[in-house]
Amino acid sequence: MDNFIVSARKYRPITFESVVGQQHITGTLKNAIRNQQLAQAFLFCGPRGVGKTTCARILAKTINCQHINSNSEACGQCESCLAFQNGNSFSIHELDAASNNSVDDIRSLIEQVRIPPQAGKYKIYIIDEVHMLSQAAFNAFLKTLEEPPAYAIFILATTEKHKILPTILSRCQIFDFNRIKVEDMAGHLATIAEAENIAFENDALHIIAQKADGGLRDALSMFDQIVSFSDRNLTYQAVIDNLHILDYDYYFRLMDAVASENPADALLVFDQVLNNGFDGGHFIAGLSSHLRNLLVTKDESTLKLLEVSEQIKQRYLQQARELDTGLLLSALNIANQCEVNYRNSKNQRLQVELSLLKMCHLAYAVKLTDSEFAIASGEKKKFPEPVKKATLEQPAVPAGRPAVSSIGSAPVTSSTASSDGSVKHEKPAAKTSDTTTKPQEKPKATGKGWGAIKPMATVPNLQTIFEDKEEQSDSEKELLEGNEYLEIDEHAFLDKWNEFAEKLKSENKITLYTIMHSGSPRLEDHRILVEVENAVQMEQLRLGKIDILNFLRVELRNYGLDLDGIMVEKTKTRKPYTSQEKYQAMVAKNPLLEELRKTFDLGLT
């Protein structure tokens with residue numbers, strides 16, 4: 001154990017070439033060294049663990065190297081390089097601004113800058129976490145940073161660039177470090193594992209790289225931890241067990257259940273996730289990411305956006321081919337809404353389960369929508385033989401009325417059957433009469449055969465909806481055959497409206513009862529308009545809208561009803577107070593006034 005060194009220190013880069021994922025930084029620095037165009041101050045900024053301090057040390061060592069090679073790299077063998085590597089260089093100084101952030105510390109540094117280097121061409125000062133310097137320390141540092149001696153170079157490093165004064169930023173060359181890509185990080189971990197003779201799986205290294213969120217130091221710390229946990233056998237299962245990560249397999253199984261419209265399997269998968277100690281919010285966030293990855297996989301050009309191993313990428317490709325884009329977008333919308341509402345929900349498990357049940361019924365909704373769209377756009381489809389017969393065999397109807405389909409309530413114009421069995425629509429023949437020609441009256445929307453006037457193209461869809469229609473009762477037929485078009489009697493509507501209002505009163509929902517009782521509802525074209533006086537009443541009406549509509553739609557047998565609130569301003573009219581009324585109000589507050597009036601025999605003017 002005395003000889004053990006953590007991987008973050010043992011495999012810390014010592015040359016520009018060995019720096020991982022920052023080629024835009026190292027290339028610029030090497031060119032500056034080659035062309036001898038070094039600035040007097042550098043600022044390295046970026047997230048933690050991406051190589052800022054490491055690059056600062058490599059730059060400092062390379063600047064003072066006595067035998068820089070053709071690739072602008074330090075030789076590592078000269079006196080200056082060896083002194084730096086052994087930690088006893090007099091020309092390179094490191095200062096931690098987090099613990100040396102006072103004015104006195106900066107003044108001491110400025111005094112040291114005046115002394116020229118004893119060995120090497122430059123004297124380099126590396127100030128880490130420079131944003132921790134106080135305001136006074138920054139101000140004391142300004143003049144020296146702007147006009148340092150020719151031999152002095154400052155390299156500042158920080159994770160919070162926005163905290164540094166603009167006057168400091170303007171005096172530095174700024175280099176922004178990127179988060180290290182998952183592929184680069186996984187490759188570096190694989191190199192270390194091979195050097196240490198550690199067995200590993202590529203999927204395991206990818207999971208570590210993803211969990212590190214762009215920081216190589218964090219990845220190396222997790223790498224050391226899992227190597228100890230797995231006894232030098234780095235497997236995918238060991239990583240997800242140790243880091244407590246939700247396995248991809250949960251989400252692949254869940255989407256298979258959604259595609260097959262199997263809500264039982266979906267709920268069982270979620271129950272297994274909860275039993276393994278994972279949070280429901282974490283699960284739904286991971287599901288959103290999984291759905292996003294499936295959408296990304298739909299197009300070959302965006303496949304590179306997936307930061308997963310090749311094996312997992314193939315699983316995404318396979319599942320993306322099996323799922324419709326519309327289903328994925330709808331499922332992603334449901335998952336996102338669930339994630340938004342999850343924290344405020346009192347029954348969080350139910351919130352997630354309800355979302356999963358919605359997703360499991362999406363496949364049917366997408367198919368139904370596609371079918372209706374195809375029919376509405378006039379696309380020709382081959383329907384089963386019974387549908388054709390039902391379409392052709394129209395019952396006799398009185399003259400002057402359009403023919404009504406025996407399948408639904410849609411009227412059918414005059415049609416002829418071609419030899420291939422398809423139906424060709426023709427314009428209806430004009431009605432002739434010996435006397436006068438009366439224009440045909442447009443039927444009223446009663447919903448019982450004549451109101452729901454729909455094109456012939458909707459007949460096949462109605463056949464699907466009303467299958468096994470012979471077994472339905474007359475009341476069910478009446479409910480299904482366009483009850484959203486039923487006319488509503490205003491008196492019946494007001495009776496049901498007041499009935500539900502009284503029900504709210506009995507349940508102590510006084511605010512909504514008051515809105516319904518005094519809101520003067522108006523019925524306009526199947527829309528109920530209710531007047532409200534303020535935003536509070538509008539919000540209460542919105543919250544109770546579903547309950548009100550559910551009651552009225554069932555009681556009035558009309559499922560096309562909707563409800564909206566209208567904001568109105570009501571001003572209370574007050575009549576002016578008389579002198580007598582003012583006096584009575586004052587006496588009510590102070591009875592001694594009456595005594596005073598009687599004592600001095602005062603009157604009211």
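Checking side-chain atoms of Ser80 against main-chain N and O of Asn64 turns up a donor-acceptor pair under 3.5 Å. Looking only at distances, a side-chain donor or acceptor of Thr302 sits under 3.5 Å from a matching main-chain atom of Asp299. Judged by distance alone, the side chain of Glu73 and the main-chain N or O of Phe16 form a donor-acceptor pair under 3.5 Å. A distance-only check finds no donor-acceptor pair linking the side chain of Glu322 to the backbone of Ala259 [under 3.5 Å]. The backbone N or O of Ile180 sits nowhere less than 3.5 Å from a side-chain atom of Asp184 that would complete a donor-acceptor pair. At least one donor-acceptor pair closer than 3.5 Å links the side chain of Gln537 to the backbone N or O of Glu533. Side chain of Arg171 to main chain of Thr167: a donor-acceptor pair is present (N/O by atom type, distance under 3.5 Å, no hydrogens or angles). Put simply, the side chain of Tyr122 never gets that close to the backbone of Pro117: no donor and acceptor are under 3.5 Å apart. In this structure, Gln351 contributes its side chain and Asn341 its backbone to no donor-acceptor pair below 3.5 Å. A donor-acceptor pair is defined here as one N or O able to donate and one able to accept, closer than 3.5 Å; no such pair exists between the side chain of Ser345 and the backbone of Tyr342.
Between Lys61 and Ile14, the shortest heavy-atom contact is NZ-O, 3.0 Å.
You'll find the ring centres of Phe252 and His290 inside the 6.0 Å limit.
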| task | Go through the steps to decide whether Phe175 and Phe44 satisfy the test ring pair (Phe, Tyr, Trp, His ring centres under 6.0 Å), and finish with yes or no. | result | CA-CA 5 Å; Phe175 291 84; Phe44 293 168; 5.6 Å; yes
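For Arg57 and Phe84, the positive end is not near the middle of the six-membered ring at less than 6.0 Å and at most 45° from its axis.
We find the SG-NZ distance between Cys338 and Lys358 to be 8.5 Å, quoted to the nearest 0.5 Å. Asp96 contributes atom CG, which lies 12.5 Å from atom CD1 of Ile126 (distance to the nearest 0.5 angstrom). A distance of 10.5 Å separates CE in Met255 from OH in Tyr316, rounded to the nearest 0.5 Å. With values rounded to the nearest 0.5 angstrom, Thr159 atom OG1 is found 9.5 Å from Arg48 atom CZ. Atom CG of residue Leu189 and atom CD of residue Glu194 lie 11.5 Å apart, to the nearest 0.5 angstrom. Taken from CG in Asn276 to NE2 in His244, the straight-line distance is 8.0 Å, to the nearest 0.5 Å.
By the neighbour-count criterion of 12 heavy atoms within 6.0 Å, atom CD of Gln318 is sparsely surrounded, having that number or fewer from other residues, nucleotides or ligands. Counting non-hydrogen atoms of neighbouring residues, nucleotides and ligands closer than 6.0 angstrom, the CD atom of Glu146 exceeds 12 such neighbours. Dense packing is recorded around CZ of Phe229, with more than 12 heavy atoms of other residues, nucleotides or ligands lying under 6.0 Å away. Atom CZ of Arg232 is surrounded by more than 12 heavy atoms from other residues, nucleotides or ligands within 6.0 Å.
Here the side chains of Lys121 and Ile63 are not in contact, with every heavy-atom distance at 4.5 Å or above. Inter-residue side-chain proximity for His67 and Gln77 is flagged as unmet; no heavy-atom pair is nearer than 4.5 Å. Between Cys65 and Ile68 there is a side-chain heavy-atom pair separated by less than 4.5 Å. Between Asn71 and Glu17, some side-chain heavy-atom pair lies under the 4.5 Å cut-off.
Checked options Asn100, Leu109, Leu43; the residue passing with Ile127 is Leu109 (criterion: side-chain contact (heavy atoms from CB on, under 4.5 Å)).
Aromatic ring pairs are classed by plane angle as parallel below 30°, tilted from 30° to 60° and perpendicular above 60°; the pair Tyr248 and Tyr236 is parallel. Using cut-offs of 30° and 60° on the angle between ring planes, the pair Phe283 and Phe270 is tilted.
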